[in-house]
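For the numbers below, each heavy atom of this structure counts, side chains included, while hydrogens, waters and symmetry mates do not.
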Amino acid sequence: MNGSFDPLCLINTYGAFGTVEEIREELIIEAIGEDYTGTWKEYEFKVKPGNVKRIPRFISPYHYRLDWVMWIASLSGNVERNPWMYNFLKKLLLQDPDVVALLEKDPFYGEEKPKYIRVTKYRYRYGNN
């Protein structure tokens with residue numbers, strides 16, 4: 001995989017994972033306002049898979065750390081094994097501008113702050129088309 005970067009004359013093309021699997025589990029974060037019977041809104045990350053209708057992003061040679069640690073968190077089992085996520089979720093609920101700026105899209109921009117938040121694990125399967 002890293003050999004594909006050789007024409008770019010980059011330094012330190014180290015990668016911990018030499019392949020990407022066809023099936024991948026992802027954590028999806030959604031929130032909702034006061035009325036928890038309404039529609040949950042998804043927080044979209046810059047490159048992490050989420051909305052299946054969005055075209056996958058080409059990100060090399062850059063590294064989006066938050067998107068990456070979200071994927072690592074999904075591999076580790078559950079949120080409890082990733083204590084940093086509690087603070088991240090709290091800051092999303094508080095609409096912390098520095099944290100929200102790390103995302104592609106804030107579904108609550110210009111609206112009332114969310115009151116409830118949830119994390120759901122989804123299994124994505126990548127195909128050839």
ask   = Do you know which two heavy atoms are closest between Y116 and E34, and how far apart they sit?
value = CE1-O, 3.8 Å
query = Would you say the side chain of V99 lies within less than 4.5 Å of the side chain of L92, judging by non-hydrogen atoms?
reply = yes
Spatial distance of atom CD (E44) from atom CG (L103) [nearest 0.5 Å] = 9.5 Å
ask   = Parallel, tilted or perpendicular: which describes the rings of W84 and F88, with under 30° parallel and over 60° perpendicular?
value = tilted
ask   = Donor-acceptor pair, Y64 side chain versus L102 backbone, under 3.5 Å?
value = no
task = Using the rule that two of Ile, Leu, Val, Met, Phe, Trp, Tyr join whenever any of their side-chain heavy atoms come within less than 4.5 Å, decide whether L75 and F45 are in one cluster.
result = yes
ask   = Do you know the tightest heavy-atom contact between I23 and R125?
value = CG1-CG, 4.0 Å
key: More than 12 heavy atoms of other groups within 6.0 Å of K121 NZ   = yes
query = Side chains of V119 and L89: closer than 4.5 Å at any heavy-atom pair?
reply = yes
task = Examine L94 and Y86 and state if one hydrophobic cluster contains both, with Ile, Leu, Val, Met, Phe, Trp and Tyr joined whenever side-chain heavy atoms are less than 4.5 Å apart.
result = no
ask   = About how many Å separate NZ of K113 and CG of D96, when rounded to the nearest 0.5 Å?
value = 9.5 Å
salt_bridge(E104, K46) N-O dist < 4.0 Å = no
key: Gap between atom CD of E42 and atom CD of E30 - 0.5 Å precision   = 6.0 Å
ask   = Just by modelled atom types, is the V47 backbone N or O under 3.5 Å from a matching donor or acceptor in the D67 side chain?
value = yes
query = Looking only at heavy atoms, which two atoms of E26 and W71 are closest? And how far apart?
reply = OE2-CD1, 3.7 Å
request  = Kindly give the heavy-atom pair with the smallest separation between K48 and M70, and that separation in Å.
outcome  = CD-CB, 3.6 Å
inquiry  = Do K41 and F108 form a cation-pi contact, if we require the NZ or CZ to be under 6.0 Å from the six-membered ring centre and within 45 degrees of the ring's axis?
reply    = yes
query = Which pair of heavy atoms, one from P107 and one from Y43, lies closest together, and at what distance?
reply = CD-CD2, 3.4 Å
key: Closest approach of S76 to N82 (non-hydrogen atoms, all atoms of both residues)   = OG-ND2, 2.8 Å
ask   = More than 12 foreign heavy atoms under 6.0 Å from CZ of R54: is that the case here?
value = yes
inquiry  = As an exercise, state the distance from CZ of R118 to CG of L27, rounded to the nearest 0.5 Å.
reply    = 13.5 Å
